[in-house]
Amino acid sequence: MAPIEVAAQVANMYDTVLILDFGSQYSHLITRRVREAGVYCELLPCTQKIADLKFKPKGIILSGSPFSITDEGAPHVDPAVFDLGVPILGICYGLQEIARNLGGETSLAVKREYGHAELHLHPQEGHHSAAFLKDLPSPTNVWMSHGDHLESPPQDFVVIGSTATSEYAAVAHKDRPIYGIQFHPEVTHSVDGTILLRNFVIGICKCDASWTMSSFIDKELERIRTLVGPTGSVIGAVSGGVDSTVAAVLMKRAIGDRFHAVLVDNGVMRLNECAQVKKTLADNLGINLTVADAADLFLGRLKGVTDPERKRKIIGNTFIEVFEAESHKIDAMTRERGEGAIEWLLQGTLYPDVIESISFKGPSATIKSHHNVGGLLEDMRLKLIEPLRELFKDEVRALGTLLDIPDDLVWRHPFPGPGIAIRVLGEVTPSQVEIARLADNIYIEEIKKAGLYRQISQAYAALLPVRSVGVMGDQRTYEQVIALRAVESQDFMTADWFQMPYDVLKRISNRIINEVKGVNRVLYDVSSKPPSTIEFE
Ligand SMILES: Nc1ncnc2c1ncn2[C@@H]1O[C@H](COP(=O)(O)OP(=O)(O)OP(=O)(O)O)[C@@H](O)[C@H]1O
Ligand SMILES: O=c1[nH]c(=O)c2[nH+]cn([C@@H]3O[C@H](COP(=O)(O)O)[C@@H](O)[C@H]3O)c2[nH]1
Ligand SMILES: NC(=O)CC[C@H](N)C(=O)O
Ligand SMILES: [Mg+2]
């Protein structure tokens, strides 16, 4: 089934707001805020033809854009949105786009307006905008980021808010539920922005705030069962990470033993990880996980390799090979048992991956196909099933909790597929992996003891390919260096290094140097992303 149809299936189950993306860097934040209000929404490129929509939205939001509305080649909305008869909210460029369509005049502002502004409301007696502005204090602090502004609002529009520099900071149609705002309610700097977006989707669009993870579970289980049918089988690569675990648990609930989970032991997992994941999944979640032990195969292929990209490629390719072999085995087994052959491949794709692939990023829509483990088993012609496709990471975590997945699984830091191999700089040998693994285990243990694990988005220990001189028990040592990394991040696209308390660092450093043979020095990484990345390689 095409992804757009899958999205439409979900969109048809809930009251849905359509967000049309003109390429603003904040478009995904609009999506977040609307979801936080309990309303389901879909982000689609602004080039979306309304006639091709597979669902009827209850309201439409037009996003901001890096373009100037008067630019040649600037993106424009399908004028049919104005004939749908549903409420429309234009944000910044979206407002200018409304004006362009409904007869206002946009011009270049004399100077760019960027940052805070005080919005003064101008309530209109007996006007529908009362519901839009409900509970909003006046003045309220809003955040601006624009160069163009409205020279005059379209005919039939009234002004419902202004700032010192923007006369038409908020406008509304006289009769129809069409609103335009020059500021960005979706960013946290607009302090009452969430109230405004909530007012729009609930008060104006009359959406039912029924987008909760508990309602999602029931509907998704039903959708999976219908999709897979009474005999179909599903196979899925499960890493013990939160995404694949939550997807696996949903699948297990939907189709029971017709779901087959495979974890590939690539020899560069964390300490005791494979055994632990297998046990946790079996004991707590009733998922029968096959662990494919391929540690020697992976480590053999990594021998002598030091280039980070080559390491990643080798691991990626070998992973596919092992997964394929494993799935053939399972396929043979299910056939033997007289069950249907495996038809489906489960993937833990999240909504940010989808947004990345569909979002409007320039004069033409850029379609970037996502290649997680997709395309894996082409010869088997497996169909993809992606239950988390419409969710953000925090929604996945909430879902995990509702599915009774233990907290320590739900709140696990992300762990990359290539694992410790990209945290051992230089050649990946079994003894180097062991050093990094032991140091990492102590590091995470102490972070947990200090109660800091949840505050940190991701932490790990890396082994540097250098030696330094030390002294232990009156003896000279010449040994290796461990670097500790800990970051705070919303989306892992940018990150700040975590300000680890000194006493915790002291304990960690002492323990690593005392307990991990081959290490005589520990460093703490104080680089942010950008310009550094989260992983060393
Ligand atoms: N060792 C492994 N064995 C089987 N599948 C794996 C393994 N490592 C990664 N995968 C697959 O690759 C996908 C992408 O990995 P990714 O790390 O992004 O997600 P995750 O492990 O599920 O969650 P998290 O991001 O929290 O680590 C996983 O969802 C899983 O399907
Ligand atoms: O599944 C994965 N396969 C990979 O090849 C991979 N490389 C990086 N990461 C994770 O992505 C986030 C951003 O990492 P970087 O700042 O190093 O790019 C961090 O959370 C990294 O751990 C990966 N995850
Ligand atoms: N944030 C925006 O949507 C900006 C719109 C347009 N580029 C402007 O400068 O006015
Ligand atoms: Mg992972």
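As the structure lists them, so they are numbered: ligands from 1, and atoms in each ligand from 1. The chain is numbered in sequence order, starting from 1.
For atom 1 (N) of ligand 1, the choice among Leu409, Thr349, Val264 with the nearest heavy atom turns out to be Val264. Here the shortest heavy-atom distance to atom 2 (C) of ligand 2, taken over Gly241, Gly417, Gly316, belongs to Gly417.
Under 4.0 Å is where a charged nitrogen must lie from a carboxylate oxygen, and between Arg335 and Asp331 at least one such pair does. Taking a cutoff of 4.0 Å between a charged side-chain nitrogen and a carboxylate oxygen, Lys448 and Glu445 do not qualify as a salt bridge. Under a 4.0 Å N-O distance rule, the pair Glu186/Arg33 does not qualify as a salt bridge. Between Glu273 and Arg412 a salt bridge is recorded (basic side-chain N to carboxylate O distance below 4.0 Å). Remark: Asp394 engages Arg32 in a salt bridge, criterion side-chain N to carboxylate O under 4.0 Å. A salt bridge links Glu220 with Arg223: the closest approach of a Lys/Arg side-chain nitrogen to an acidic carboxylate oxygen falls below 4.0 angstrom. Using a 4.0 Å cut-off between a side-chain N of Lys or Arg and a carboxylate O of Asp or Glu, Glu434 and Arg437 qualify as a salt bridge.
When hydrogens are left out, the protein atom nearest atom 17 (O) of ligand 2 is Glu535 N, 2.8 Å; that is the closest non-hydrogen contact. Considering only non-hydrogen protein atoms, atom 19 (C) of ligand 2 sits nearest to Gln458 OE1, 3.3 Å. Shortest contact from atom 5 (O) of ligand 2 to any protein heavy atom: Arg312 NH1, 2.7 Å. Regarding atom 23 (C) of ligand 2, its nearest protein heavy-atom neighbour is Pro416 CB, 3.4 Å. If you check which protein heavy atom lies closest to atom 14 (O) of ligand 2, you get Ile534 CB, 3.9 Å. Of all protein heavy atoms, the one closest to atom 18 (O) of ligand 2 is Lys529 NZ, 3.6 Å.
Distances below 4.0 Å separate heavy atoms of Phe492 from the following atoms of ligand 2: 13 (C), 20 (O). Every atom of ligand 2 with a heavy atom of Thr533 under 4.0 Å away is listed here by number and element: 15 (P), 16 (O), 17 (O). Each of the atoms 17 (O), 27 (O) of ligand 1 lies under 4.0 Å from some heavy atom of Phe415. Interface of Val238 with ligand 1, defined as ligand atoms under 4.0 Å from a residue heavy atom, comprises 3 (N), 4 (C), 5 (N). The atoms of ligand 1 that sit less than 4.0 Å from any heavy atom of Val242 are 23 (O), 26 (O). Less than 4.0 angstrom separates some heavy atom of Val262 from each of these atoms of ligand 1: 4 (C). Short contacts between ligand 1 and Lys393, defined as distances under 4.0 Å to a heavy atom of the residue, involve ligand atoms 24 (P), 25 (O), 26 (O). With ligand atoms numbered from 1 in the order given, ligand 1 contributes 3 (N), 4 (C) to contacts under 4.0 Å with heavy atoms of Leu263. The atoms of ligand 1 that sit less than 4.0 Å from any heavy atom of Asp243 are 19 (O), 22 (O), 23 (O), 25 (O). Near Met269, with a cut-off below 4.0 Å to any heavy atom, the atoms of ligand 1 are 1 (N).
Here the shortest heavy-atom pairing between Ile442 and Ile508 reads CG2-O, 4.4 Å. Between Trp344 and Leu227, the shortest heavy-atom distance links the atoms CZ2-O, 3.4 Å.
The side-chain hydrogen bond (donor to acceptor under 3.5 Å, both in side chains) test with Gln432 singles out one residue from Glu427, Gln480, Arg423, and that residue is Gln480.
There is no protein heavy atom closer than 4.0 angstrom to atom 11 (O) of ligand 2.
Using a 30° and 60° split on the angle between ring planes, Tyr93 and Phe22 fall in the tilted class, from 30° to 60°. The aromatic rings of Trp211 and Tyr14 lie perpendicular to each other, with more than 60° between the two planes, well past the 30° mark.
For the 3.5 Å distance criterion, the side chains of Ser233 and Thr334 fail to qualify, holding no donor opposite an acceptor. Residues Thr349 and Glu386 bring a donor and an acceptor atom of their side chains to less than 3.5 Å of each other. Between Ser468 and Arg521, the side chains place a donor N or O and an acceptor N or O closer than 3.5 Å (distance only, hydrogens not considered).
Judged by the shortest distance from any of its heavy atoms, Gly348 lies outside the 4.0 Å radius around the atoms of ligand 1. No heavy atom of Thr245 sits closer than 4.0 Å to any atom of ligand 1. In this structure, Arg397 does not count as a contact residue of ligand 1, since none of its heavy atoms falls inside 4.0 Å of the ligand.
In terms of polar-atom proximity, defined here as any N/O pair under 3.5 Å, Ala237 does make such a contact with ligand 1.
Taking the side chain as every heavy atom from C-beta outward, Pro387 and Leu250 approach each other to under 4.5 Å.
Looking at Asp265 against ligand 1, nothing comes within 4.0 Å, counting heavy atoms. By the criterion of a heavy-atom distance under 4.0 Å, neither the backbone nor the side chain of Arg412 is placed next to ligand 1. Proximity of Phe319 to ligand 1, defined as any heavy-atom pair under 4.0 Å, is confined to the side chain (atoms from C-beta onward).
At a threshold of 2.8 Å, the Mg ion (ligand 4) has no backbone or side-chain N, O or S atom of Gly417 nearer than that distance.
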